[in-house]
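Let me begin by presenting the structure, written as structure tokens, before commenting on it.
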2 protein chains.
Amino acid sequence: MNVTTIKDIAKIAGVSHSTVSRALNNSSALNEETKKRILEIARDLNYTPNTSARSLVLSKSYNIGVFFSSIYDGTSSSFFHNVIKSISEKVGSNYNIIVKSIDTYIESYNSINPKNFDGIIVVSQKKEDDSFIKKVIEKMIPVVVLNREVKDLEVNNIVSNEIIGVYEGIKHLINLGHKDIAIIEGKEDFESTKVRRKGYLKAFSEFKIDIMNEFIVKGDYGLESGYLRAKDLLKLEHKPSVIFAFNDDMALGAMKAILEAGLRVPEDISILGFDGSVFSHYLTPSISTIKRPIEEICYYGVKILFNIMKNKNVEIEKKSFKTFFIERDSILPKK
Amino acid sequence: MNVTTIKDIAKIAGVSHSTVSRALNNSSALNEETKKRILEIARDLNYTPNTSARSLVLSKSYNIGVFFSSIYDGTSSSFFHNVIKSISEKVGSNYNIIVKSIDTYIESYNSINPKNFDGIIVVSQKKEDDSFIKKVIEKMIPVVVLNREVKDLEVNNIVSNEIIGVYEGIKHLINLGHKDIAIIEGKEDFESTKVRRKGYLKAFSEFKIDIMNEFIVKGDYGLESGYLRAKDLLKLEHKPSVIFAFNDDMALGAMKAILEAGLRVPEDISILGFDGSVFSHYLTPSISTIKRPIEEICYYGVKILFNIMKNKNVEIEKKSFKTFFIERDSILPKK
DNA sequence: GTGAAAGCGCTAACAA
DNA sequence: TTGTTAGCGCTTTCAC
């Protein structure tokens, strides 16, 4: 015998396979005794249901797809881990979590079918994900998009307001007398880059700070790029008094570059990061950063997803959590 | 109409559904023209196959399970991300990667069925995972266990030899004159803790270094525990001249504690980490560490898994990759 | 309380 | 080259 099926159990128990099915799903009225007997046999035979068969008849896959724009490029480890942890925790173990990277998911989105996914969570970074999201919507799969504000599509969308956090962080810097604020931006095609940029531009314009073009450099959210771009900044004749990196990883890289140049953090150059990742607190100096509530976003996203899965007609929801500036030791007033 | 099926296509194309199936799988000889027509209709109708149905008949799920001992506790973000990236990359997009945490995967391993998983990768930390692995083997699911050496089970097993790396790291320290080497161990129930312990014990005994009980403390692989345990160590009257943390996260925590105490790294206290995670290189000072080749382990693991999946009768393979000491700036000779 | 039978969407053996 | 048919393992309706 290969794998135990309900038929095998039925034969041994001397009942029909439908009775076995009923017992296994402890459905309707059926004799307590036969039920007990069947369950016992199932256990002895090490029975586990064939999910494909069950899915086929129930039109329910017990699969939740978690699609990142990319799991390879531009996604920091702490963010990635945090997202998976939070989603897994909230989803529970009744469902499978299938992790995919949209950028390598070519084959014309071949498995995007409501029968294959009970729900889909898109952890989106790029506007280009819209074509994928659109497919998902067309297929009527319950879907929620996290992390990036989707403008052109009617879809459940949970994000954090990153402009506010950045604005506040920059405002704090300006209030401390800083004007020479350099920025290491993230990947150009990531929305987070554009949004965070808006945040500092808002603060700059409000406080009438001149934007120095040579102070704005492009990173890619990776540690190395933070290091390299900060090195570039330090070569400038007129050096910045602060470096604001668009994520904590790059902030760490930048700090290395500063210290390597024989300068001190924060005495010579202050640093501001973004994400509020755990490790940033343990650096010396601890890095001031802008915290985005990844867990809340994920929890809330899953909650909504399950709502839609249960009750198709709920209204589309857009929600934005706050981000906030966390002051730590990497910032000092301008000398 | 709900979701397009091959029957819908068949009706429109005026052929039988089996012809559609053939066209879709571009099987055997069938009229190029009808095939083309069918494919076109399929595209127009936005057809995507129902994987449950396909799985059911083919006895192939296109699911690869990636089971961690825990995705929540004791698993560092960089390790987790690295593993998922490496496995995903090698597996390719024909398969679904289902990420699970064994510790929360109670319900008597209910979905462990060869029909539900074409293959399973266990990223194992604890001996207790053996009961899970055993179930998988019993069910004849192709399986490979990564990361932890499995002793009591005949199973494909790809690990790294961590004893050697630790031994070399400690030897290096001893050669630099260090004797007061403190250790922050990892989670007690993780095999990695035991193995890395063996590494330093081997070096200690070989070089006849006395083991100071108060120098051996228990962390949990989390940043905070590195910080806290290092603080404890610094309260000792006779302070260590080196702290070796069983992973880079704890090393970072330990460094914070040392610097906070007004001591310098490495001038006053040297630090050695473990993992070779990317960020450890960007810390200041960069942390000397022991590199384990996670990518290689994962790549090789996937390769073997696919081998077994294709050809059931391949021999069981045990393979161990080397770990090696990476010298960086966090270590100085004993004063 | 239980069995018979149909059917979920697909593939494949067998006919034609 | 194509259609008919059976069947993968399961749930569920309808009888009894």
Side-chain angles (χ1 to χ4, degrees), chain A residues 1-39 41-42 45-63 110-118 139, chain B residues 1-39 41-42 45-63 110-118 139:
Chain A
M1 191 192 320
N2 216 327
V3 190
T4 316
T5 71
I6 51 171
K7 279 188 189 167
D8 301 322
I9 300 174
K11 210 173 287 170
I12 296 177
V15 295
S16 78
H17 72 277
S18 31
T19 301
V20 176
S21 171
R22 280 189 273 258
L24 258 19
N25 297 294
N26 64 158
S27 80
S28 58
L30 80 163
N31 192 302
E32 267 305 319
E33 202 135 298
T34 47
K35 180 177 164 183
K36 213 177 124 191
R37 192 159 43 92
I38 289 170
L39 257 28
I41 297 174
L45 259 47
N46 234 320
Y47 171 80
T48 57
N50 179 323
T51 31
S52 302
R54 179 176 272 174
S55 296
L56 183 56
V57 55
L58 293 180
S59 281
K60 197 163 179 354
S61 62
Y62 291 97
N63 288 157
N110 218 10
S111 70
I112 296 309
N113 184 313
K115 302 296 175 71
N116 302 342
F117 292 101
D118 290 352
K139 294 281 185 180
Chain B
M1 190 191 323
N2 216 330
V3 190
T4 316
T5 71
I6 52 171
K7 280 188 187 167
D8 301 322
I9 301 175
K11 209 173 288 172
I12 297 177
V15 297
S16 78
H17 71 278
S18 39
T19 301
V20 175
S21 171
R22 281 189 273 258
L24 257 18
N25 299 292
N26 63 158
S27 80
S28 58
L30 82 164
N31 192 303
E32 267 305 318
E33 204 132 298
T34 47
K35 178 175 164 185
K36 212 177 124 191
R37 192 158 44 93
I38 290 169
L39 257 28
I41 297 174
L45 260 47
N46 235 320
Y47 171 80
T48 57
N50 179 323
T51 31
S52 302
R54 179 176 272 174
S55 295
L56 183 57
V57 55
L58 293 179
S59 281
K60 198 163 180 353
S61 63
Y62 291 98
N63 287 157
N110 217 10
S111 71
I112 296 309
N113 183 313
K115 301 295 176 68
N116 302 343
F117 291 102
D118 290 352
K139 295 281 184 178

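All heavy atoms count here, side chains included; hydrogens, waters and symmetry mates do not. Bear in mind that the values here come from a model prediction, so they are computed numbers and not experimental data. Chain A is the first sequence line, chain B the second, and so forth, proteins listed ahead of strands; every chain is numbered from 1.
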N/O (side chain, T19(A)) to phosphate O (OP1/OP2, dG3(C)) under 4.0 Å: yes
Partner residues of S55(A) under the side chain to side chain donor-acceptor pair (under 3.5 Å) criterion, sequence neighbours left out: none
Which nucleotide in dA4(C), dT11(D), dT11(C) has an atom nearest any side-chain atom of S18(A): dA4(C)
Check: P49(A) main-chain N/O paired with N116(B) side-chain donor or acceptor under 3.5 Å: yes
Residue of the set N31(A), T19(A), I6(A) for which side-chain contact (heavy atoms from CB on, under 4.5 Å) holds with I38(A): T19(A)
Phosphate OP1/OP2 of dG9(D): any T5(A) side-chain N/O under 4.0 Å: no
Residue pair I9(A) / I41(A): nearest heavy atoms and the distance that separates them: CG2-CG2, 4.0 Å
Five-pair end axes of the helix from dG1(C)-dC16(D) to dA16(C)-dT1(D) and the angle they enclose, rounded to 10°: 40°
Selection from dG9(C), dT2(C), dC8(C) that lies nearest to any side-chain heavy atom of A53(B): dG9(C)
Phosphate contact (dA4(C) OP1 or OP2) by S16(A) side-chain N/O below 4.0 Å: no
Sugar-phosphate, base or nothing in reach of I6(A), heavy atoms under 4.0 Å: base
Short side-chain N/O contact from Y47(A) to OP1 or OP2 of dG9(D), under 4.0 Å: no
Side-chain N,O (K115(B)) to OP1/OP2 (dG9(D)) below 4.0 Å: yes
Among dT2(D), dG9(C), dT2(C), the one nearest R22(A) by side-chain distance: dT2(C)
Presence of N50(B) side-chain N/O under 4.0 Å of dC8(C) phosphate oxygens OP1/OP2: no
Interatomic distance, H17(A) atom NE2 to R22(A) atom CZ [nearest 0.5 angstrom]: 9.5 Å
Touch class at under 4.0 angstrom, heavy-atom based, for T34(B) against every strand present: sugar-phosphate
Partner set under side-chain contact (heavy atoms from CB on, under 4.5 Å) for K60(A), not counting sequence neighbours: L58(A), Y62(A), Y95(A), D118(A)
Any donor-acceptor N/O pair under 3.5 Å between dT4(D) base and H17(B) side chain: no
